[in-house]
Amino acid sequence: MQMPSPDARIMARKAQVVARLEQALGARGVIHDPAETRAYECDALTAYRCPPLCVVLPGSTEEVSAALRICHEEGVPVVPRGSGTSLAGGALPTADSVILGVSRMNRVLETDTMDRIIKVQTGRTNLSVTGAVEELGFFYAPDPSSQLACAIAGNIAMNSGGAHCLKYGVTTNNLLGVTMVQMDGTVVEIGGAHMDAGGLDLLGVICGSEGQLGVVTEATLRILPKPEGALPVMLGYDSAEAAGACVADIIEAGVLPVAIEYMDRPCIRACEAFAKAGYPDCEALLIVEVEGSAEEINHQLETILKIARDHDPVEIRAAQDADEAARIWLGRKSAFGAMGQINDYMCLDGTIPVSALPEVLRRIGELSDQYGLGVANVFHAGDGNMHPLILFDANKDGDLEKCEEMGADILRLCVEVGGCLTGEHGVGVEKRDLMSVQFDPVDLEAQMKVKDVFDPKWLLNPAKVFPLAASESRRA
Amino acid sequence: MIRPGSEAELAEAIRDADGPLSLRGGGTRGPLPDGTPITTSGLTGIVLHDPAALTLVVRAGTPVDEIDEVLRGANQRLAFEPMDHRGVLGTTGTPTIGGVVAANVSGPRRVLVGAARDHLLGLRFVDGEGTVVKNGGRVMKNVTGYDLARLVAGSRGALGAITEVALKVLPGTETCASLVARGLDDAAAVRAMSAALGTPYEVTGAAHDPQAAGGARTVLRIEGFAPSVAYRARALAEVLKPHGDWQIEDDREAVRADWRGIRDAAPFHGSTGDLWRVSVRPSEAAGLAARADAAQVFYDWGGGLVWLRTGEGDDLRARLGRHDGHATLVRAAPETHERLHTLQPEPLALQKLTRGLRDKFDPRGILAA
């Protein structure tokens, strides 16, 4: 993975840039000591690191605007950062860039259960948004697995999803309005507490633009009443085909579970060794969760279990209460930790049409043999978002490179069967150079035109999303 | 009327155009801009329906009725229940799916499941230079690159002509029921609707007609499997006791017909005067309607959408003043559309972005919208 070489002229002006930023934000809002900027050298994609020129931590929309205006005047690239949990390198700096972190801006500005909204500063963490409305009987639906740490700013930048999107959608479906600062310091208000933005759907294109169009400082989010209850059922199968057919039949029967999770044998074994959730040793494990009152849950589970039995399961276990439900979820929720304990791994994020599942799993198996690297599959089966974990040894020369090549092959496969490179993690730097697999040059050109309008000088997070060769003339 | 039979022909027609084009699907939603008429209604057909993946890929000119029929055959539906504008506008023609997506047309269920744009998985379009662009895809979770699909959806043809859309579809519902209260004033009705939408009983529609025959009528909809609908209707009526006396109506066909009427703004069919659609925070809806001093008012989306009928040529926006939302002129004489603008003018910073995007996607300015 290449990043553009830093601009020596900017680095030579570091003192001047820092002085101007300190004047606008106060010394407390600017970090420039190399010992301290190191903390911002990477996000959760730790394979790539580079300390930034400096870091600014504004405390208000006005300070964000002031900082961006200065960087715009100085021609300094800016990399926006939420909590730094991106798995795609979305917050990876270059040596000539300023990191703009929104972590100090984490207040709740308004909650309104009549209009079913919450307005927050975007440094607030995902889970603490739900925390702010839980006692009122509400929750914020998107639930990425990093929700304890990840910030709403990053959720909006990456259009984050989670396990419950099948029913509740992803960030873009739950975002009603933003206050956003453009690179030149202009503050715009888009949407609000009402349901539809007027005019062009700017909110739609800002969500998921990976911090390249502006810095979102405040967000109005839709909150939903908490369901009466939820229970999962666990289904074990001896083939991917049977599990895939079961998922298809459940959906075709008109039941809409809130989540359908899938694990394959390597993943089941690792989770079982780690969490001892009592999973059967089988080829494919499904966890299907439904919501509602006790009666409604029973009615849906009856339908699901009837379908499940038609596909010759090796095991069926329905949770009767919260304890059993927690045990069923335990293994799945510790999947990534469990894998991490036995191996280094790389987590992919492609999406495929659900119907292509058995074929994709078979071909991932073939790639695994070809490269000599193990793969464990865990994913959201209801919406086709796969998370194959490629196992490798970081201490073994060439293993990381081999793993990256195999990852690229799996993502190409996802596109080939009608899917996409990334379902919820974002492109960042990680999948940047694979964009041409999914898009023709005119498709990328159309996307880059949008950035031309919002950030004509291409200073905001410039080396992400688009292949470097495609964006080169604009970044120059 | 130019009526291309393929995406390539449409691209060619746009490339070769030497003046403004008046782009449309079935032409049922108006107002139609000046220019050489060009329609996507020749691009028809379902490209893919994958029921197990809840996915439908369809060409833009396909009639909505045809899609409904195909989906019904698989016990599925377009969950955002797009409105048919022919009743309020007195237009003829056939609503197309491309028109629905281009105008982000959504019905009563929007309040729970989202708008048309929330069900959009991807699309193909021809920009103002005649270039064919694809964005998104056919899968439910996709964050690969910018979301141009949503930007183009709802742009009313200003950024290009949509040629194909991929949509998320949802399972059909076995049955439905309505809870109805009579005689609530507007503010009380909105409070009741908010209370209902704040319960876990998944209310899929909440409307209030202050001028209904027989007195003000507030109606809430519940859908799903029969035992679940029965349970939730009872539970909801119990919770809403402080907000009035609620009757349960459970004749499925009658309830469906009632909600088709709400979807299509039936109270305004055959009326005269201008018609406005105001997007507003529900808690401000009743106050806003009072300020509007309108001849007729109707609330949908739990108060989030207020329909207002005014005198011909009245500047409703001036009477409403500033509020968290915006007013769209749906029905008026062409000169009123011209003078007052169909869409609410935006603040300058947003106008600049909109103008910039239109210039990029249609540098010759031929996509009049």
Side-chain angles (χ1 to χ4, degrees), chain A residues 113-116 158-159 161 165 169-170 173 186 188 192-196 198-202 204-205 207-209 225-228 248 251-252 254 256 292-293 295-296 299 351 353-355 383-385 418-424 426-427 435 438-439 442-443 446-447 449-450 452-453 465, chain B residues 50-55 75 104 110 114-115 117-118 127 131-135 137-148 150-151 153-155 158 170-172 194 197-200 225 227-228 231 279-283 301 304 324-326 343-344 346 349-350 353-354 356-357 360-361:
Chain A
T113 54
M114 186 164 174
D115 295 334
R116 299 174 301 285
M158 297 315 213
N159 189 15
C165 323
V170 295
N173 310 113
T186 306
V188 290
H194 52 288
M195 276 175 237
D196 284 337
L200 290 183
D201 193 350
L202 299 177
V205 77
C207 192
S209 63
K226 272 195 288 194
E228 286 179 273
I251 289 172
E252 286 198 66
L256 192 65
S293 66
E295 280 172 62
E296 289 174 296
H299 181 258
T351 306
V354 181
S355 41
D383 52 37
N385 188 193
C420 64
L421 298 172
T422 172
E424 57 185 357
V427 178
M435 286 289 273
Q438 189 173 333
F439 294 110
V442 290
D443 303 326
Q447 295 176 35
K449 279 180 186 173
V450 174
D452 293 342
V453 173
V465 184
Chain B
D50 184 351
L54 300 172
T55 310
N75 185 31
N104 190 27
R110 194 251 174 279
R117 57 86 92 179
D118 291 300
D127 72 9
T131 307
V132 179
V133 177
K134 67 170 183 296
N135 189 261
R138 54 161 287 205
V139 289
M140 228 173 279
K141 268 163 92 181
N142 183 350
V143 296
T144 321
Y146 290 178
D147 194 344
L148 291 189
R150 256 171 269 276
L151 183 66
S155 70
L170 284 179
S194 282
L197 290 163
T199 68
F225 293 108
S228 167
Y231 160 78
S279 183
V280 61
R281 6 181 357 157
S283 58
W301 300 357
D324 208 355
H326 54 93
L343 300 179
Q344 180 143 346
E346 297 181 301
L350 293 187
L353 291 172
T354 300
L357 289 166
K360 286 283 178 192
F361 285 90

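Here the structure is a predicted model, which is why all the values come from computation and not from measurement. Within every chain, numbering begins at 1; the chains are lettered A, B, ... in the order of the sequence lines, protein sequences first and strands thereafter.
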Open item on the list: At a heavy-atom distance under 4.5 Å, which candidate from A:Gly192, A:Gly418, A:Ala193, A:Gly419 has the highest pair count against chain B?
Closed with: A:Ala193
Task: Side chain proximity check, B:Phe361 to A:Val450, heavy atoms < 4.5 angstrom - done: yes
Task: Residue part contacting chain B, namely of A:Pro227, when any heavy atom lies under 4.5 Å - done: backbone
Open item on the list: Applying salt bridge (charged side-chain N to carboxylate O under 4.0 Å, His left out), can you list everything that pairs with A:Lys449, at least two apart in sequence or on another chain?
Closed with: B:Asp127, B:Glu129
- [ ] Could you tell me which portion of B:Gln344 (side chain, backbone, both or neither) has an atom closer than 4.5 angstrom to a non-hydrogen atom of chain A?
- [x] neither
- [ ] Using non-hydrogen atoms and a 4.5 Å limit, figure out which bit of A:Met195 sits close to chain B: side chain, backbone, both or neither.
- [x] both
Task: Value rounded to 0.5 Å, distance of OG1 in B:Thr144 from CG in A:Leu421 - done: 5.0 Å
TODO: Search all heavy atoms of B:Pro200 against all heavy atoms of A:Lys226 and return the closest pair with its distance.
DONE: CB-O, 3.2 Å
TODO: Identify which part of B:Val133 has an atom lying under 4.5 Å from any heavy atom of chain A, answering side chain, backbone, both or neither.
DONE: both
Open item on the list: Under 4.5 Å from any heavy atom of chain B, what part of A:Asn385 do you find: side chain, backbone, both or neither?
Closed with: side chain
Task: side chain to side chain contact (heavy atoms under 4.5 Å, CB included) assessment of B:Asn104 paired with A:Asp201 - done: CA-CA 10 Å; B:Asn104 190 27; A:Asp201 193 350; 5.6 Å; no
TODO: With rounding to the nearest 0.5 Å, note down the distance linking CZ in B:Arg150 to CG in A:Asn173.
DONE: 6.0 Å
Open item on the list: For the CD atom of A:Glu228 and the OH atom of B:Tyr231, what is their distance to the nearest 0.5 Å?
Closed with: 3.0 Å
Task: Flag side-chain contact, heavy atom, 4.5 Å: B:Met140 against A:Val354 - done: no
Task: Contacting moiety of B:Leu151, where chain A heavy atoms sit under 4.5 Å - done: both
- [ ] Measure A:Val465 against the heavy atoms of chain B and call it side chain, backbone, both or neither at under 4.5 Å.
- [x] side chain
Open item on the list: Please report the interatomic distance CG(B:Asn142) to OG1(A:Thr422), rounded to the nearest 0.5 Å.
Closed with: 8.0 Å
TODO: To the nearest 0.5 angstrom, please state how far the CZ atom of B:Arg138 sits from the OG1 atom of A:Thr351.
DONE: 11.5 Å
- [ ] Mind ranking B:Thr55, B:Leu197, B:Asp50, B:Leu170 by heavy-atom pairs under 4.5 Å with chain A and telling me who comes out on top?
- [x] B:Leu197
Open item on the list: Would B:Leu357 and A:Leu202 count as a side chain to side chain contact (heavy atoms under 4.5 Å, CB included) here? Give the steps.
Closed with: CA-CA 10 Å; B:Leu357 289 166; A:Leu202 299 177; 3.5 Å; yes
